Amino acid sequence: MHLRHDPDAPAAAQIAFDDFLKVDIRIGTIVAAEEFPEARKPSYRLRIDFGPVIGEKKSCAQIAANYHLDDLVGRQVAAVVNFPPRQIGPAMSEVLTLGFADEAGEVVLFAPDVKVPDGSRLF
């Protein structure tokens with residue numbers, strides 16, 4: 001699924017600005033988080049509220065290495081909200097929660113450093 005996490009990897013091929021605009025990245029607040037023991041890598045099932053227009057969506061996220069369940073509810077995260085749903089084992093993931101690889105290759109969530117309205121779009 002992922003290309004290369006290596007910070008020394010070359011930049012991807014150029015795309016048109018219109019292609020960037022097709023990817024709808026929004027901020028939402030995690031309202032529920034639970035273990036996902038069926039996943040191949042340590043993961044959680046999340047429910048994220050993206051505000052009144054998009055609503056709550058489910059996501060499966062490989063973030064267990066850096067986050068405890070108790071610390072996730074109430075946290076804002078960025079996610080792609082316009083990919084088609086994807087079956088992840090027995091769960092359906094409706095959005096792609098975004099993050100970056102730390103030095104160990106584990107996911108660190110991508111989020112604003114100041115609270116913004118749920119549903120805000122990246123620009």
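A quick note: this is a predicted structure, and the numbers were derived from the prediction, not measured.
Atoms OH and CD1, on Tyr44 and Ile63 in that order, are 7.0 Å from each other to the nearest 0.5 Å. Atom CZ of residue Arg86 and atom CG of residue Leu96 lie 8.5 Å apart, to the nearest 0.5 angstrom. Rounded to the nearest 0.5 Å, atoms CG (Asp19) and NZ (Lys22) are 4.5 Å apart. Rounded to the nearest 0.5 angstrom, Arg26 CZ and Leu122 CG are separated by 10.5 Å.
Under 3.5 Å, the side chains of Asp118 and Thr29 contain a donor-acceptor pair of N or O atoms.
Side-chain atoms of Arg45 do not come within 3.5 Å of backbone N or O of Glu34 as any donor-acceptor pair. The closest donor-acceptor contact from the side chain of Glu56 to the backbone of Phe50 lies at 3.5 Å or more, if one exists at all. Listed for the Tyr67 side chain is a donor-acceptor partner under 3.5 Å among the backbone atoms of Leu109. Listed for the Ser120 side chain is no donor-acceptor partner under 3.5 Å among the backbone atoms of Ile27. For the pair Asp24 (side chain) and Val80 (backbone), a donor-acceptor distance under 3.5 Å is absent.
Annotation for Val73 and Ala33: closest pair CG2-N, 4.1 Å, computed over non-hydrogen atoms. In plain terms, the two heavy atoms of Gln76 and Pro117 that are nearest each other are NE2-C, 4.4 Å. For the residue pair Pro90 and Gln87, the shortest heavy atom distance occurs at C-NE2, 3.4 Å.
Under the 4.5 Å side-chain heavy-atom criterion for Ile, Leu, Val, Met, Phe, Trp and Tyr, Ile30 and Val107 are members of the same hydrophobic cluster. A chain of hydrophobic side-chain contacts below 4.5 Å, direct or via other Ile, Leu, Val, Met, Phe, Trp or Tyr residues, connects Phe83 to Phe110. No path of Ile, Leu, Val, Met, Phe, Trp and Tyr side chains, each step under 4.5 Å between heavy atoms, connects Leu98 with Val116, placing them in separate hydrophobic clusters.
For Phe20, the ring-ring contact (aromatic ring centres under 6.0 Å, His included) test picks out Phe17, with sequence neighbours left out. Not a single ring-ring contact (aromatic ring centres under 6.0 Å, His included) links Phe123 to another residue, sequence neighbours left out.
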**Study point:** side chain to side chain contact (heavy atoms under 4.5 Å, CB included) between Val77 and Ile48, intermediate numbers included
**Key:** CA-CA 8 Å; Val77 294; Ile48 306 168; 3.9 Å; yes
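Among residues at least two apart or in separate chains, side-chain hydrogen bond (donor to acceptor under 3.5 Å, both in side chains) pairs with a member in residues 97-107 are Ser59-Thr97, Asn66-Asp102.
The shortest side-chain heavy-atom distance between Val81 and Lys57 does not fall under the 4.5 Å cut-off. Taking the side chain as every heavy atom from C-beta outward, Lys58 and Leu46 never approach each other to under 4.5 Å. Side-chain contact check for Pro42 versus Gln62: every heavy-atom pair is 4.5 Å or farther apart.
In this structure, Glu94 does not pair ionically with Arg47, as no charged nitrogen and carboxylate oxygen lie closer than 4.0 Å.
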